[in-house]
Q: 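Okay, handing you the structure first.
In what follows, residues are counted from 1 in the order of the sequence shown.
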Amino acid sequence: ISKRIVGFFSERSYVRDYPTGKLASSLIGFINSEGSGASGIESSMNSTLSGVNGEYLYENGAGNIIPGSARVKTAAKDGTGVTLTIDRDIQWVAQSAISDAVKKSNAKSGTVIVMDPKTGAILAQASAPTFDPANPKSITLNSIRNPAVQDVYEPGSTGKVITVAAALEEKKTTPTSIFTIPYELKIGTRKYHDHEKHSTERLTTTGLLAISSNTGAIQVGQELGSNTLFKYLNKFGIGQNTGSHLPGESSGILHPVEQWTDSSLPTMSFGQGYSVTALQATSVFATIANDGIRVTPNVVAGTTDSTGNFSASKPQSSTRVISSETAGQVRAMLESVVSENGTAPAAAIPGYRVAGKTGTAQRFDDSCHCYAGYTASFIGFAPADKPEYVVSVVIQNPKGEHFGGVIAAPVFKTVMSFVLQSKHIPPTNTNKVTYALTEAALNKVQPKAKA
């Protein structure tokens, strides 16, 4: 015999399910106990995703609904589904690779971004450490941050790409112009030096980029001057929101020329003195990969309404930053970075032409308002002669080994190798354009062929 217990009744409730667990959690975000988006896409597109609750009226008699009295006052409206540009398999590989790298280097955090330079679509955006959106105990104010767009850092040597691209565009240098590269260079009252001691060398512009010379980059920056360098930093998107519409996105830091000091031009020439987000830095290399055209990054592929109709997102806006010729020269120059003579042979992928740049920057620590530790990075694209994808790797405050070519380049290789395979991108098999790295190599007389 069933009995009804007075005061107890059933109630239907809903729980948000995240079937992929921690995967892309910093990007997707989570909902709070009230059912509203609290971070990530869940927050920025909450009004689109949530829909509208329905409401109906009824007459009540002795605690029961009087049959036939119920009528709908407001019809419920289903929320709109959002489809992301994220490729789940690539995201998984990126998440696994950066998590392992952060753990091995005992770093504070790490980020990997995979981007299509032609469309701006983000195929992966992984960070470590992260959180499980279905497990409230794993959620903290720090863990829900999206470091790809919220954390800013001084890029270091990856910023030299902007300096060199600007100088090429302004006809201030060529890939084979010769520079005298000392270990240490005094500008005003300050001294600047390369990361490793060396005797004075005679290198081409390509050579100083390949070995990531600070003193060489300073000389290139001096050819440009403060106003011109600032113009190109601005054109590449430094100091500006990328337009991705991701919540909490920082614009980075780029002070106007009027606020520059005597040390600003030298330091900014080799990538310090201004700050970027990982997404901004990725966009810089995507611009070079895309023949000099900067395309706004995007993570939303489209939306699906309550009737199942899918609407693709509008094409992203684009702007030309440098000429196609300059972009092609920079791509060829960046292949030398991945060679045995460069700073990142660990990024090379057998069978493919790969181009990219290492970064090992002093890291500004907010807790002491001083430089403490390093930011290690590698950003590149492949195939170098016909770029399909850009992969960036940024590792914050690693302990011990801290060079980008050592700890970030292998992560790039792992992720990019999988991207090329999963997207069925074949090797292009084109002849590599090789610029001389040294004056000696440039002037080397080739032996004549025997008759």
Side-chain angles (χ1 to χ4, degrees), residues 153-182 185 187 192-195 203-239 252-255 257 260-276 280-289 292 294 321-323 325-334 336-337 342-343 355-362 375 377-380 404 435 437:
Y153 65 96
E154 296 185 36
S157 295
T158 56
K160 291 171 184 171
V161 172
I162 298 177
T163 305
V164 170
L168 291 169
E169 185 75 3
E170 293 291 318
K171 309 301 181 185
K172 298 293 185 181
T173 190
T174 70
T176 55
S177 296
I178 300 297
F179 289 84
T180 299
I181 310 296
L185 190 63
I187 307 291
Y192 305 90
H193 57 80
D194 286 341
H195 61 278
L203 302 179
T204 63
T205 311
T206 303
L208 67 87
L209 194 62
I211 69 166
S212 201
S213 170
N214 292 338
T215 60
I218 289 172
Q219 294 179 64
V220 177
Q222 289 176 321
E223 293 288 330
L224 288 168
S226 298
N227 289 317
T228 304
L229 179 58
F230 176 84
K231 180 180 76 172
Y232 280 93
L233 287 167
N234 190 264
K235 289 181 71 173
F236 271 102
I238 308 304
I253 301 172
L254 177 62
H255 297 298
V257 177
W260 287 21
T261 65
D262 292 342
S263 64
S264 295
L265 178 59
T267 55
M268 289 189 181
S269 296
F270 60 78
Q272 300 232 209
Y274 63 90
S275 296
V276 300
Q280 284 177 327
T282 307
S283 179
V284 169
F285 281 74
T287 299
I288 294 168
R294 178 161 63 95
V321 176
I322 53 177
S323 67
E325 178 185 5
T326 296
Q329 288 177 326
V330 176
R331 289 198 299 270
M333 294 168 75
L334 288 176
S336 65
V337 176
T343 57
K357 185 72 187 75
T358 53
T360 306
Q362 290 180 304
T375 297
S377 62
F378 182 87
I379 311 176
Y435 293 121
L437 304 185

Q: With a 3.5 Å distance limit and no angle check, can you tell me whether Lys160 reaches the backbone of Leu209 through a side-chain donor-acceptor pair?
A: no
Q: Is the closest side-chain heavy-atom distance between Ile322 and Tyr232 below 4.5 Å?
A: yes
Q: Where do Ala165 and Phe236 come nearest, in terms of heavy atoms and distance?
A: CB-CZ, 4.2 Å
Q: Got a sec, which residues hit salt bridge (Lys or Arg N to Asp or Glu O under 4.0 Å) with Glu169, two or more places apart in sequence or on another chain?
A: none
Q: Given Leu208 and Val220, is the side chain to side chain contact (heavy atoms under 4.5 Å, CB included) satisfied, shown in steps?
A: CA-CA 10 Å; Leu208 67 87; Val220 177; 4.2 Å; yes
Q: Taking Ser283's backbone N and O only, do any of them form a donor-acceptor pair with Arg294's side chain (distance below 3.5 Å, no angle check)?
A: no
Q: Without swapping roles, check the side chain of Thr163 against the backbone of Gly221 for a donor-acceptor pair under 3.5 Å.
A: no
Q: First locate atom CE of Met333, then atom OG1 of Thr326, and finally report the distance between them rounded to the nearest 0.5 Å.
A: 10.5 Å
Q: So, taking the atom named OG1 in Thr173 and the one named CD1 in Ile178, what distance separates them when rounded to the nearest 0.5 Å?
A: 9.5 Å
Q: Nearest 0.5 Å please: distance from the CD1 atom of Ile211 over to the NE2 atom of His195.
A: 7.5 Å
Q: What are the two closest non-hydrogen atoms of Asp194 and Asn214, and how far apart are they?
A: OD1-N, 2.6 Å
Q: Going from CG on Asn234 to OH on Tyr274, what distance comes out if it is rounded to the nearest 0.5 angstrom?
A: 12.5 Å
Q: Can any side-chain N or O of Glu170 pair as donor or acceptor with the backbone N or O of Leu224 at less than 3.5 Å?
A: no
Q: Side chains of Ile379 and Val284: closer than 4.5 Å at any heavy-atom pair?
A: no
Q: Nearest 0.5 Å, please: how far is OG1 in Thr158 from CD1 in Ile162?
A: 8.0 Å
Q: Are Gln219 and Ile181 close enough that some pair of their side-chain heavy atoms sits under 4.5 Å apart?
A: yes
Q: To the nearest 0.5 Å, what is the distance between OG1 (Thr375) and OH (Tyr153)?
A: 7.5 Å
Q: Can you find a heavy atom in the side chain of Phe179 that is under 4.5 Å from one in the side chain of Leu203?
A: no
Q: Glu154 and Gln362: which non-hydrogen atoms are nearest, and at how many Å?
A: CB-O, 4.4 Å
Q: Side-chain contact, heavy-atom cut-off 4.5 Å: Tyr192 with Ile218?
A: yes
Q: Thr206 side chain to Pro175 main-chain N or O, any donor-acceptor pair under 3.5 Å?
A: yes
Q: Evaluate the criterion side chain to side chain contact (heavy atoms under 4.5 Å, CB included) for residue pair Phe230 and Met268; output intermediate values, then yes/no.
A: CA-CA 9 Å; Phe230 176 84; Met268 289 189 181; over 6 Å; no
Q: When you compare the side chain of Ile238 with that of Val276, does any pair of heavy atoms fall below 4.5 Å?
A: yes
Q: Does some side-chain heavy atom of Thr228 sit less than 4.5 Å from a side-chain heavy atom of Lys172?
A: no
Q: Would you say Thr343 and Ser212 are linked by a side-chain donor-acceptor pair, where the criterion is simply a distance under 3.5 Å?
A: no
Q: Are the side chains of Phe285 and Lys357 in contact, using a 4.5 Å heavy-atom criterion?
A: yes
Q: Is a side-chain donor or acceptor of Thr215 paired with a backbone partner of His193 at a separation under 3.5 angstrom?
A: no
Q: How close do Ala217 and Ser269 get, heavy atom to heavy atom, and via which atoms?
A: O-CB, 3.4 Å
Q: Please find the pair of heavy atoms, one from Pro155 and one from Ser377, that lie closest to each other, and give the distance.
A: O-OG, 4.3 Å
